[in-house]
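Reminder, nothing fancy here: chain letters follow the sequence lines and each chain counts from 1. Treat the numbers as computed from the prediction; the structure is a model and nothing was measured.
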There are 2 protein chains.
Amino acid sequence: MARRSDHAPEELKRLALEAAEVIALEEGLRGLTVRRVAERIGYAPGTIYNLFANLDDLIVQLNGMTLDALAVELGAAAGGSPATRPQRLVEAYFDFVESRPRLWSLLFEHRLPEGADLPDWYRPKLAALIGLVAEALEPLMPDRSAEARYAATVTMWAGLHGISTLAVSAKLTLVAETEPRQLGHLLVDRMLGNRDGTGPEPV
Amino acid sequence: MARRSDHAPEELKRLALEAAEVIALEEGLRGLTVRRVAERIGYAPGTIYNLFANLDDLIVQLNGMTLDALAVELGAAAGGSPATRPQRLVEAYFDFVESRPRLWSLLFEHRLPEGADLPDWYRPKLAALIGLVAEALEPLMPDRSAEARYAATVTMWAGLHGISTLAVSAKLTLVAETEPRQLGHLLVDRMLGNRDGTGPEPV
DNA sequence: GCTTTAATTGAACAATGTTCAATTTATATC
DNA sequence: GATATAAATTGAACATTGTTCAATTAAAGC
């Protein structure tokens with residue numbers, strides 16, 4: 001009944017997380033159960049508890065992977081000509097969300113039980129993401145202090161997050177015909193000081 | 001075992017929703033179970049299914065109540081001098097969220113299963129909320145078309161929502177020391193065309 | 001009082017997260 | 001190569017969940 005090193009422990013953990021990712025992609029939080037993950041990698045439910053403290057732990061680690069993937073996409077959009085960076089970042093963000101809405105939703109739909117805190121490695125991951133964007137947008141806010149720039153970036157990030165969650169949960173289409181992506185552009189342009197939501201900073 | 005008209009059916013439904021509200025206030029989605037609600041009103045679990053289609057239905061109706069309560073608060077802040085309306089609306093919004101974070105979280109933490117749509121009465125409730133704010137902010141965006149004003153309002157609303165969800169789930173404090181409320185003011189001021197986040201529209 | 005109708009129950013079912021003693025395999029030791 | 005040790009894996013078990021529904025009880029109508 002018991003085997004050994006079919007896969008190394010690290011390998012097995014990776015397999016479990018990949019299985020969880022597929023389930024989350026297809027069915028979201030509601031379909032993501034310990035038994036389903038175990039079944040998908042051909043192990044017994046109990047084995048999952050050798051790899052993770054519990055289901056919450058597994059989900060938090062999966063969310064870590066998702067943050068990494070998002071960082072890659074935003075990183076690719078953060079270079080190039082500063083003038084068009086905001087637009088490209090917004091596009092990259094919504095491309096990511098719309099290409100895997102259920103996986104992205106898991107980032108925020110999942111909440112740890114009362115009193116439990118996110119693990120220590122979570123904060124730098126998130127901070128890196130924001131930092132990346134803040135740095136990319138620095139040339140576009142030359143008149144503002146570093147604190148003001150950072151606050152503006154966090155606000156934009158939270159704003160995009162808000163637009164996306166409402167869009168994904170179908171609560172945005174209840175009140176707006178405008179594409180979420182377009183609202184994103186509007187938000188970012190305004191936050192950066194433009195008057196319209198149609199294009200890059202005018203010269 | 002069975003009784004009758006201890007309470008009229010409508011009364012019973014109200015009692016169940018009130019019980020659910022208390023549980024949600026105290027423990028959020030994770031503590032909100034059919035059995036807990038039933039126990040709290042002194043009925044058997046099965047009785048809940050006489051009043052609601054299922055737990056999802058109960059939660060959606062509770063969320064409807066929460067939207068109504070929010071509309072009352074925002075409505076009270078939407079009057080008075082137009083110049084200070086944005087600030088008062090932001091304050092009212094965060095007052096609401098911070099006074100019942102778990103109940104407010106339920107609005108967005110809860111997702112219906114794949115394929116199920118929100119009931120028909122949900123849309124007008126939400127639309128009324130947005131409409132109320134859009135109308136209140138109309139004098140502050142005199143140079144914009146009705147569509148542009150509406151888009152700006154939806155964006156602000158989604159943005160406040162994003163800031164609040166991140167704050168409530170403790171993911172905002174991971175990356176920002178600024179108070180969520182202050183980010184809210186920053187967002188609204190910028191969206192309305194101000195350059196700083198410190199006060200009402202300058203004359 | 002009897003019948004009809006409606007509300008309420010509680011036992012039952014399938015599925016969930018989680019635990020853990022028992023089991024099996026790999027590795028180390030001689 | 002046999003034996004002992006350690007590690008990984010299992011699967012049965014438990015408590016809890018949402019949900020269903022035949023049986024039961026009380027009210028309303030006659």
query = Looking for any heavy atom pair under 4.0 Å, which part of the strands does B/Leu12 touch: base, sugar-phosphate only, or nothing?
reply = sugar-phosphate

ask   = Which residues within residues 105-122 of chain A lie with some heavy atom under 4.0 Å of an atom in DNA chain C?
value = none

key: Whether B/Arg102 side chain and B/Ala24 backbone form a donor-acceptor pair below 3.5 Å   = no

Sole residue of B/Val97, B/Asp95, B/Leu89, B/Val90 in side-chain contact (heavy atoms from CB on, under 4.5 Å) with B/Tyr93 = B/Val97

Between P of D/dT10 and CD1 of A/Ile41, the distance in whole Å = 9 Å

For atom CD of B/Glu39 and atom P of C/dG10, their distance in whole Å = 13 Å

ask   = Can we say A/Arg40 and A/Glu18 salt-bridge, meaning some charged N sits less than 4.0 Å from an Asp/Glu carboxylate O?
value = no

request  = Considering non-hydrogen atoms only, spot the tightest contact between B/His185 and B/Gln87 and give its length.
outcome  = CE1-O, 3.5 Å

task = Taking all heavy atoms of B/Leu55 and all of B/Leu32, pick out the closest pair and write down the distance.
result = CD2-O, 3.8 Å

note = Secondary structure of DNA chain C per the Watson-Crick/G-U criterion (both distances under 3.5 Å; [ ] crossing, | other strand, . unpaired) is ||||||||||||||||||||||||||||||

Nearest heavy atoms of A/Glu91 and A/Arg181, plus distance in Å = OE1-NH1, 2.5 Å

task = Round to the nearest Å and state the distance from B/Phe52 atom CZ to D/dG18 atom P.
result = 14 Å

query = In whole angstrom, what separates A/Ile23's CD1 from C/dT16's C1'?
reply = 14 Å

task = Using the side-chain contact (heavy atoms from CB on, under 4.5 Å) rule, pick out the option among B/Leu17, B/Leu51, B/Ile48 that qualifies with B/Leu12.
result = B/Leu51

Kindly give the atom pairs (protein nitrogen or oxygen, nucleotide nitrogen or oxygen) under 3.5 Å for nucleotides 17-19 of chain C.
unit_1, atom_1, unit_2, atom_2, d
C/dG17, OP1, A/Val34, N, 3.3
C/dG17, OP2, A/Val34, N, 3.1
C/dG17, N7, A/Arg35, NH1, 2.5
C/dG17, O6, A/Arg35, NH2, 2.9
C/dT18, OP2, A/Tyr49, OH, 2.8
C/dT18, OP2, A/Leu55, N, 2.9
C/dT18, O5', A/Tyr49, OH, 3.3

message = In this structure, how many angstroms lie between the P atom of C/dC20 and the CD1 atom of A/Ile48, rounded?
response = 18 Å

inquiry  = Side chains of A/Arg100 and A/Thr66: any donor to acceptor distance under 3.5 Å?
reply    = no

